[in-house]
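Working notes, structure below.
Only heavy atoms go into these numbers, but all of them, side chains included; no hydrogens, no water, no symmetry mates. All chains are named by letter (A, B, ...) in the order of the sequence lines, taking the proteins before the strands, and each is independently numbered beginning at 1.
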There are 2 protein chains.
Amino acid sequence: MPDLEIPRKAVYRLSLYQRCLQRLQENEVETVSSQALAKAAGVKPTQLRKDLAYFGQFGKRGLGYDVGVLAGSISEALGRTRLQPVILIGAGNLGSALLRYQGFRKEGFEIVAAFDADPMLVGRAVQGVPVRAEEDLADFLAGGAVKMAILAVPAEAAQRVANELVGSGVQAILNFSPIVLEVPGEVVVNHVDLALELENLSYFVR
Amino acid sequence: MPDLEIPRKAVYRLSLYQRCLQRLQENEVETVSSQALAKAAGVKPTQLRKDLAYFGQFGKRGLGYDVGVLAGSISEALGRTRLQPVILIGAGNLGSALLRYQGFRKEGFEIVAAFDADPMLVGRAVQGVPVRAEEDLADFLAGGAVKMAILAVPAEAAQRVANELVGSGVQAILNFSPIVLEVPGEVVVNHVDLALELENLSYFVR
DNA sequence: ATATGTGAACGGCTTCACAGCC
DNA sequence: GGCTGTGAAGCCGTTCACATAT
């Protein structure tokens, strides 16, 4: 199984396909063609098939894909067969909105703890998740159970916190701060830059 | 000036460069090399120069770039010389966090109105921005002054609201709902899919 | 000497065309 | 006949190498 050869974009789309499959399952559809599924995901059929081909053969020629089988296969390919624990750093405006966001749990993620530097916020609980002091971060991560973190702190603090996370064994960071994080090669960072997205859009309005 | 030929990613990075330039201006740095600026933005020097080349020649060979001149040129290239009005639809968890988010204004955007379908939220004001009833959306947009919208409504409502926005002349949508919007070719959509970003990350943790 | 600007080479993702199987 | 799986072709963005300007 060639693992590190798979295009990042393809992995991205797999999640998209899976979400569409879940909807089909809810509607008790049992079979889909690459054409139908691709349309639902907003991509071309050949691309869908190519993406799936990175992981194996899941379809029946002349027939299509079994929705349940394909959903299961993608789950396995993505390593999303069980609930993933995640921590959140920064429980301000954006952070607490993320804590309340139901979409994460729905896709198999659980925010198990939140951290903030502000004593005013520490001790509270948002959506049942306690907000802890940032000093306790390293202790909490010492167990090694948590490998993913969401970073929603101000720009000035982001790199420092990121260093701390990496030092404590976090392998993946979803970064909402408007700075480019420097991390070792083995750590993966996805950057969601809200202002940048708006700015990018504004280029296209005349 | 070839306009529609410029890679989308390049436009994206221009915003990034500009942000770095602003920091340099604050520190009263007057000149940068492509090497230094590229490092700050997390890209390669050649890429920075290529990106700038799409828009013109701004540097002095053997010397580098004048920070002020380059910042101004990029601003102009991005069409970000004045404040852009934006509306927000969906003032729930995420929506109200976005209303409070200061990063937009800092980059030249102003959320001038918010809309929600929930009568409980309508009439309130968040961060000085009034939340209006969703029925009033078309009326508000009738003036044609607002060309950009942020969509933070539940998945079920997203496509319907998007249609309404497009029908009222909105040209660019920043979509936070977890569905792929179908819009006419002349409308630009940037999709920020929070759950998808996490899922993508989880693939890379072993 | 130093750093930009750019045509050419490179590499990777997407699309095509068709072989293979139901 | 219909649809998947896949090597080959095409396309686009990145990187290289170097000509050019100060």
Side-chain angles (χ1 to χ4, degrees), chain A residues 1-17 20-21 24 29-74 77 180 200 203, chain B residues 1-17 20-21 24 29-74 77 180 200 203:
Chain A
M1 258 147 259
D3 197 274
L4 288 174
E5 309 293 350
I6 297 159
R8 209 170 163 138
K9 284 192 169 184
V11 177
Y12 212 98
R13 285 189 298 264
L14 280 184
S15 303
L16 208 58
Y17 304 148
C20 297
L21 288 168
L24 291 175
V29 177
E30 289 190 350
T31 305
V32 268
S33 64
S34 64
Q35 184 156 40
L37 185 54
K39 192 182 176 189
V43 303
K44 292 215 163 63
T46 57
Q47 179 154 75
L48 164 60
R49 296 204 295 272
K50 246 305 191 261
D51 288 341
L52 295 179
Y54 287 115
F55 296 90
Q57 304 183 173
F58 310 108
K60 283 187 174 55
R61 305 194 184 201
L63 227 166
Y65 301 88
D66 180 288
V67 173
V69 170
L70 186 54
S73 302
I74 294 181
V180 179
N200 182 253
Y203 174 78
Chain B
M1 260 149 255
D3 196 274
L4 288 173
E5 311 291 349
I6 298 157
R8 213 177 161 128
K9 284 194 168 183
V11 177
Y12 212 96
R13 284 188 297 263
L14 281 184
S15 302
L16 207 57
Y17 304 150
C20 297
L21 287 168
L24 291 174
V29 177
E30 290 189 351
T31 305
V32 267
S33 63
S34 63
Q35 183 156 39
L37 185 53
K39 192 182 176 188
V43 303
K44 293 212 161 68
T46 58
Q47 178 153 75
L48 165 61
R49 296 204 297 272
K50 245 308 189 256
D51 288 341
L52 295 180
Y54 287 115
F55 295 89
Q57 303 183 172
F58 310 108
K60 284 189 173 55
R61 305 193 185 205
L63 227 167
Y65 300 89
D66 180 288
V67 173
V69 170
L70 187 54
S73 303
I74 293 181
V180 180
N200 182 254
Y203 174 78

Exercise. Report the distance from atom CG of Leu52(B) to atom P of dT14(D), rounded to the nearest whole Å.
Key: 13 Å
Exercise. Kindly compute the distance separating CG (Leu48(B)) from CG (Leu70(B)), expressed to the nearest 0.5 Å.
Key: 7.5 Å
Quiz prompt | Tyr12(B) OH - dT14(D) P separation (whole Å) | solution = 14 Å
Exercise. Would you indicate, yes or no, if dT6(C) has its OP1 or OP2 atom less than 4.0 angstrom from a side-chain nitrogen or oxygen of Gln57(B)?
Key: yes
Self-check item: Working for side chain to side chain contact (heavy atoms under 4.5 Å, CB included), residues Glu30(A) and Val67(A)
Solution: CA-CA 5 Å; Glu30(A) 289 190 350; Val67(A) 173; 5.6 Å; no
Self-check item: Summary of protein contacts for nucleotides 8-16 of chain C, nucleotide by nucleotide, where a base hit scores B, a sugar-phosphate-only hit scores S (4.0 Å, heavy atoms)
Solution: B----SSB-
Exercise. Would you sort out whether Leu37(A) and Tyr65(A) count as a side chain to side chain contact (heavy atoms under 4.5 Å, CB included), showing the intermediate values?
Key: CA-CA 9 Å; Leu37(A) 185 54; Tyr65(A) 301 88; 5.6 Å; no
Quiz item: Between Ala10(A) and Asp51(A), what is the shortest heavy-atom contact and its length?
Solution: CB-OD1, 3.4 Å
Quiz item: What is the distance from CZ of Phe55(B) to P of dT4(C), rounded to the nearest Å?
Solution: 18 Å
Self-check item: Arg49(A) vs Leu52(A), side chain to side chain contact (heavy atoms under 4.5 Å, CB included): CA-CA, chis, key distance, verdict
Solution: CA-CA 5 Å; Arg49(A) 296 204 295 272; Leu52(A) 295 179; 5.8 Å; no
Self-check item: Minimum heavy-atom distance Tyr12(B)-Asn200(A), with the two atoms named
Solution: N-ND2, 3.6 Å
Quiz item: How about Gln47(B): does its CD atom have over 12 heavy atoms from other parts shown lying under 6.0 Å from it?
Solution: yes
Quiz item: Expressed in angstrom and rounded to an integer, what is the separation of Tyr65(B) atom OH from dA3(C) atom P?
Solution: 12 Å
Detail all sub-3.5 Å separations between protein N/O atoms and N/O atoms belonging to nucleotides 18-22 of chain D.
residue, atom, partner, partner atom, Å
dT20(D), O4', Arg61(B), NH1, 3.4
dT20(D), O2, Arg61(B), NH1, 2.7
dT22(D), O4', Arg61(B), O, 3.2

Quiz item: OP1, OP2 of dT4(D) versus side-chain N and O of Ser34(A): anything below 4.0 Å?
Solution: yes
Quiz item: Do you know which two heavy atoms are closest between Phe55(B) and Ala77(B), and how far apart they sit?
Solution: CD2-CB, 3.4 Å
